Number of protein chains: 2
Amino acid sequence: MGKRADALELAILGLLHDAPLHGYELRKRVNSLLGWGRAFSYGTLYPTLKAMVRQGYLAEDEPVDTLVTTGPHRSGRRARIAYRLTPEGKERFADLLAHTGPSAWDDEHFGVHFAFFGRADADTRMRILIGRRSRLQEKLDQFRSALSRTRERLDAYTLELQRHGLESVEREVKWLDDLISAEQRSIGRPMGATPTPGSGEPPAPSTGIEGENGR
Amino acid sequence: MGKRADALELAILGLLHDAPLHGYELRKRVNSLLGWGRAFSYGTLYPTLKAMVRQGYLAEDEPVDTLVTTGPHRSGRRARIAYRLTPEGKERFADLLAHTGPSAWDDEHFGVHFAFFGRADADTRMRILIGRRSRLQEKLDQFRSALSRTRERLDAYTLELQRHGLESVEREVKWLDDLISAEQRSIGRPMGATPTPGSGEPPAPSTGIEGENGR
DNA sequence: TTCTGATGTATCGGTTCGATACATCGAGCT
DNA sequence: AGCTCGATGTATCGAACCGATACATCAGAA
């Protein structure tokens with residue numbers, strides 16, 4: 001399974017964790033959850049779903065009619081296959097969340113992992129944030145060296161494009177820095193010695209994530 | 001030829017417009033020119049190059065030794081195939097620059113087109129900028145409606161991810177707005193009636209492109 | 001009624017990626 | 001000198017992935 005499909009697998013597991021969904025709805029949610037990047041197509045979604053069923057992470061429910069039993073003609077509705085998470089699937093989800101190789105912080109994967117931070121523990125969150133930050137730092141260095149190498153030899157538009165790209169990455173690093181310090185603040189929180197790190201729900205990051213939110 | 005490869009074709013034509021290059025160098029430049037997005041692999045580059053040679057847009061030079069004739073052992077150097085633009089290639093380049101379908105402003109293509117704005121005429125520049133802006137506006141609307149639809153039902157991290165994505169697109173729109181007004185300013189420029197729009201180099205947008213550049 | 005657009009499942013052809021093989025070179029280490 | 005190591009360089013292949021499409025139901029508009 002390729003890198004991109006790995007991200008899709010995690011997204012599916014996470015979205016199905018709360019409630020079963022069928023393919024169409026699932027696709028919409030995945031793609032709005034990760035609104036930034038490129039959308040997954042059905043040609044990727046359905047094969048992935050089938051593979052996950054085969055592996056035992058998902059099960060197919062086929063509700064003849066769930067909610068629309070009220071109408072006058074509630075006859076043989078088109079089969080809407082709802083996918084439901086199996087216990088193995090929940091295990092798999094927890095596994096993918098915690099056991100994060102260094103792949104969790106490249107462009108394709110970071111968004112999905114971040115979206116489910118609420119279900120990961122503080123250590124994992126921190127590791128991924130740090131990893132992502134250093135990845136961006138590399139990209140920043142490449143940008144800067146490319147800019148200084150070719151400075152004055154670029155026409156105005158190309159230069160502006162570079163400048164804009166650089167600025168985008170810089171903003172992203174700043175965003176991560178804010179997130180990281182917010183995490184650190186919520187770790188060092190006193191109030192009850194050692195908040196039972198083995199229990200079910202992690203503390204949930206208090207009210208908000210960020211300290212500042214000026215626009 | 002797929003959408004992605006179209007962008008690659010334009011990038012190759014543009015980069016080879018000034019000087020011939022070989023594959024390795026070409027790939028580096030393409031990927032740093034468009035540092036923002038995903039990189040092209042050799043598995044895409046070489047087939048594309050061959051296709052372009054077949055179509056007559058490129059020609060292959062094979063310099064036995066160009067610069068390194070100085071060394072003591074200047075024997076049979078490994079063949080470095082330098083690709084050179086043919087007259088048909090230059091035509092093709094101009095064609096792709098000006099004849100822009102509505103595909104020029106999606107994520108994959110916009111960057112390349114923008115990078116070569118210096119060689120396009122003012123009308124083309126404006127059309128692409130406007131098109132890109134309205135595309136982003138659509139994306140913005142999707143984001144906003146998705147946010148308002150699911151507001152309060154999202155956990156803090158997912159919400160933060162959405163917020164950050166939205167903000168990124170907003171900044172991009174603002175960037176485009178600045179570019180657009182800069183273009184308009186440089187069109188309405190007085191100083192010598194009609195600066196000979198048919199001649200070789202378009203006016204080059206004065207000193208910089210942007211008005212402001214605070215930070 | 002019929003038409004259109006949203007919902008819904010599913011697959012196929014072709015494009016693109018990631019890994020890899022192979023080869024030369026300069027630089028540093030011992 | 002020998003040796004490794006990393007950068008440069010061309011090239012290809014299997015696997016992954018996308019975009020388009022087919023097909024079907026249903027709500028609401030015309």
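FYI, side chains are in, hydrogens and waters are out, and symmetry mates aren't considered; it's all heavy atoms of this structure. What you see is a predicted model; the values in this text were computed from it and never measured. Each chain gets a letter, A, B and so on, in the order the sequences are listed, and its residues count up from 1.
- Between B:E108 and B:Y46, the residue whose closest nucleotide on DNA chain D is further toward the 5' end is B:Y46.
- Each end of the helix from C:dT1-D:dA30 to C:dT30-D:dA1 gets its own axis from five base pairs, and the two axes differ in direction by 30°, given to 10 degrees.
- By the 30° and 60° cut-offs, the orientation of the rings of A:F114 relative to A:W175 is tilted.
- Under a 3.5 Å cut-off, the side chain of B:T86 and the backbone N or O of B:G56 do form a donor-acceptor pair.
- For the pair B:R163 and B:E167, the salt-bridge criterion is met [side-chain N within less than 4.0 Å of a carboxylate O].
- Looking at residues 17-26 of chain B, you'll see B:H22, B:G23, B:Y24 sit with a heavy atom under 4.0 Å from some atom of DNA chain D.
- By the side-chain contact (heavy atoms from CB on, under 4.5 Å) test, A:A94 is found to be paired with no residue, residues two or more places apart in sequence or in another chain being considered.
- Listed for the A:H109 side chain is a donor-acceptor partner under 3.5 Å among the backbone atoms of A:K3.
- No donor-acceptor distance shorter than 3.5 angstrom exists from the side chain of B:R92 to the backbone of B:L13, with no hydrogens or angles considered.
- One interatomic measurement links the two molecules: CG of A:L8 to C1' of D:dC18, which rounds to 13 Å at whole-angstrom precision.
- Sorted by first and then second residue, the salt bridge (Lys or Arg N to Asp or Glu O under 4.0 Å) pairs involving residues 24-47 of chain B (not counting sequence neighbours) are A:E108-B:R38, B:E25-B:K28, B:E25-B:R29.
- Rounded to whole Å, the distance from CZ on A:R27 to P on C:dT11 is 16 Å.
- Under the 4.0 Å criterion applied to side-chain N and carboxylate O atoms, A:E172 and A:R135 are not assigned as salt-bridge partners.
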Return all side-chain donor-acceptor pairs below 3.5 angstrom for residues 47-55 of chain B, not counting sequence neighbours, or 'none' if the list is empty.
residue, atom, partner, partner atom, Å
B:T48, OG1, B:T44, O, 2.7

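- Nucleotide D:dG9 holds its C1' atom 13 Å from the CG atom of B:L49, rounded to whole Å.
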Anything under 3.5 Å between a protein N or O and an N or O of nucleotides 14-17 of chain C, put it in a table, one pair a line.
residue, atom, partner, partner atom, Å
C:dT16, OP1, B:R4, N, 3.2
C:dT16, OP1, B:A5, N, 2.7
C:dC17, OP1, B:R4, NE, 2.7
C:dC17, OP1, B:R4, NH2, 2.9
C:dC17, OP2, B:T44, OG1, 2.1

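- Rounded to whole Å, the distance from CD on A:E60 to C1' on C:dA10 is 12 Å.
- Across the interface with DNA chain D, nearest-nucleotide mapping of A:Y42 and B:K50 shows B:K50 to be the residue nearer the 5′ end.
- B:D107 and B:R132 are joined by a salt bridge, as a carboxylate oxygen and a charged side-chain nitrogen come within less than 4.0 angstrom of each other.
- Atom-to-atom, CG of B:L45 to C1' of D:dG9 comes out at 12 Å; the value is rounded to the nearest Å.
- For the pair B:D178 and B:K174, the salt-bridge criterion is met [side-chain N within less than 4.0 Å of a carboxylate O].
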